[in-house]
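What follows is a short report on a single structure.
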Amino acid sequence: MGKDSSDLFGSLFKTPPLVKVVPVLVPLPVPGAYSYAVPEGLAVEPGSVVQVPVGPRQLIGVVWDGENDDRLDPKKLRPITLAFDCPPLSKEMRDFIDWVANYTLSPPGLVARMAIRAPAALEPEPMVEGLRYLGGRPERLTPARTRVLDLANQEDIPWTRSGLAHAAGVSLSVIDGLTAQGIFETVFLAPPPVVARPDPDYIAPRIEGPQKEAAAEIVDSIRTGGFSTSLIDGVTGSGKTEVYFEAIAETLRRGKQVLILLPEIALTASFLERFQDRFGAKPGEWHSDLSPRMREKVWRGVVTGEVQVVAGARSALFLPFENLGLIIVDEEHDPAYKQEDRVFYNARDMAVVRARIGDFPIVLVSATPSVESQVNGLSGRYNTVHLPTRFGDAAMPDLHLIDMRRHPPERGGFLSPLLIRAIAKTIGRGEQALLFLNRRGYAPLTLCRVCGHRFQCPQCSSWLVEHRFKNQIQCHQCGYSEPTPEACPECGTLDHLVACGPGVERIAEEVEKHFPDARTIVMSSDLLGGVKRMRLELEAIAKGDADIVIGTQLVAKGHNFPLMTLVGIVDSDLGLSNGDPRAAERTFQLLSQVTGRAGRTGRKSHGLLQTFQPQHPVMQAIVSGDASAFYEREIAEREKAILPPFGRLASLIVSADTRADAESHARGLRAAAPKVSGISVLGPAEAPLALVRGRHRFRLLVHGRRNSDMQAFLRAMLANGPKQRGSVQIQLDIDPQSFL
DNA sequence: AGCACGCCGACT
DNA sequence: GTCGGCGTGCTC
């Protein structure tokens, strides 16, 4: 190995020692990867999870692909602190993260962070201490010791200390005594799996007719392999879950992992049990209020491939599966799939992208598909599977509108005589009625009859909602609350405050007046006693311990009420004109879901919808059961609403954490770009907008922390066209697949 | 995201 | 004279 003199010279005087430098994504809102030196002897590759120093802190990051920024001052280079002992993120996962960061214009480090959000799981789980039976007898045999030895002789498996004590009905000291005498040996065992292995053939599928055909169609796409998107579109109670369970079974048979995405609210014990009934084991769970310990176990199970199926909320999409082969997105239309902080994304859309990158099938499921998915189904890009009828002997409820102009309630009331009569009949038969009103509290607005003062939130200027059960007035926007005052704060007059409009509590009052002997229950998220009480109440209702249920949104989902044969919608029009461009779609979905609560177990059932707009397309679609007419119309409306592309008319929708912030951003933008005519403001609740894909027309949502950033961005965008990317976060609410 | 720095208004 | 509000800049 001859060294020539120039080399020697270089190493002595000029050339710095060769250090390996790698890009590392750090969890900071910076546009790209940082560069770090790899210390001697540390083995890292793209995907390795590492700890690195950033300023004064140590952060967890991921070694990334690509070149280092060579403009970086080498003096700034710092070494990687350590590499975690866990499998690196796969190329597929890295591509997915890059894609999502690029599409959502989010800092890639923040996207990557979502994949490694179980810090404790980065080190392998500690071994658990166990006991192995070595045979032999103790010097003195007591009855307790005999019981332990009998058990140990029966089963030749390693015991845990406490497990053996418990099984033998003895105290830990008995076990310790035997261990001290060399009867047992302490061994270290691999930790037990979080969940048992699901068995695809645990029971024969309980499906028939159209369900069976639908399942066969989807199983077929799995057998074919490769990327495909299917949309299961079936009314409530049509057996959608049973159908996609067959897709899961087929994937498991092929030795691949499955992810089931559900809106957080649908991740209930009853779903997990249903899964267990079919597969003999529960799926792994992933959601926001998982205990850190559990989070760690599931994360680790997923990366090692030990956990075969995960049922999770949207964040589960970023779990680094070892061998993912199928994604199910249940309740595909649910707005809970949207994340609207830090990284803005719709998990449903990103799930399709993940399947595309991983080249495996994905199945979207809904009784009321989103307009976007409907469009994709109609255009043939998604393979639509219809389940038009209910499963077994259950029939859809008979639906009718009540025109409130012709059948008004009595003075001071909100229920039409027609609805009251229907309730009387229903409970007379010993069946249950559900009254739905999507409004918590007693009254949405309180005012003073003397001076006209309206109770308004001091923090965010929306109306304060009276809650009689809690004796509070609350702001439903920001959570502000205060005790209900007795006197008007403006003019000081006592006892002249008047409630305007109904909330569920007020409907309960009216119901009690009409049906004093009925067992009435109010279900709303501010039910005293929290989630536990809520669950008990739902069970009680299912058992028949209530005659009339008055509920908000939260009765719309899940739960089967066998005796529920009447659903009354108090105000069907509520939500149709709140400025949300998706108002009609949302209302259609909500009303379909609520009316779908009736008659799920075979009894003849009815739905009555009180409305002031019986001709409205949403109302017509609901009562006629003709969803396709509604979608067709809605699609046409959206097409019309989409503004012309950039260049001719730039159109911006500004949104921010609060409406006030958004207004302030918009003022700045209007000043910065007077030629832009279409700057409009949406509050955080309304954003992002629906967009039907097609051609390259789109709206942008600009989210920014700083006015100056937003203005700079806007100027650059106007100069360079819509492809310009700025330092602000932008949400393009357009079909991600047009970018694939 | 955090954290430091710096610049103007209301206080012990 | 300071304390502290948030606007701005920086982290390999």
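Everything quoted here is computed from the prediction, not taken from an experiment. The figures that follow rest on heavy atoms only: side chains count, while hydrogens, waters and symmetry mates do not.
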In whole angstrom, give the distance that lies between atom [atom1] of [X] and atom [atom2] of [N].
X: Leu77(A); N: dT11(C); atom1: CG; atom2: P; answer: 13 Å
X: Lys75(A); N: dT11(C); atom1: NZ; atom2: P; answer: 14 Å
X: Ile116(A); N: dA1(B); atom1: CD1; atom2: P; answer: 17 Å
X: Trp64(A); N: dC12(C); atom1: CH2; atom2: C1'; answer: 17 Å
X: Leu28(A); N: dT11(C); atom1: CG; atom2: C1'; answer: 7 Å
X: Tyr34(A); N: dC10(C); atom1: OH; atom2: P; answer: 11 Å
X: Gln58(A); N: dA1(B); atom1: CD; atom2: P; answer: 21 Å
X: Gln51(A); N: dT11(C); atom1: CD; atom2: P; answer: 20 Å

ask   = Using a cut-off of less than 4.0 Å, is there contact between a side-chain N or O of Arg57(A) and OP1 or OP2 of dG2(B)?
value = yes
request  = Can you run down the ring pair (Phe, Tyr, Trp, His ring centres under 6.0 Å) pairs that involve residues 311-332 of chain A, sequence neighbours left out, and say none if there aren't any?
outcome  = Phe96(A)-Phe318(A), Phe318(A)-Tyr345(A)
task = Pick base, sugar-phosphate or nothing for Val30(A), based on heavy-atom distances below 4.0 Å to the nucleic acid.
result = base
ask   = Looking for any heavy atom pair under 4.0 Å, which part of the strands does Pro23(A) touch: base, sugar-phosphate only, or nothing?
value = nothing
Modelled atom types, side-chain donor and acceptor of Glu466(A) and Thr484(A), under 3.5 Å = no
ask   = Are a donor atom and an acceptor atom from the side chains of Ser366(A) and Glu331(A) found within less than 3.5 Å of each other?
value = no
inquiry  = If the condition is ring pair (Phe, Tyr, Trp, His ring centres under 6.0 Å), which residues does Phe455(A) pass it with, not counting sequence neighbours?
reply    = His453(A)
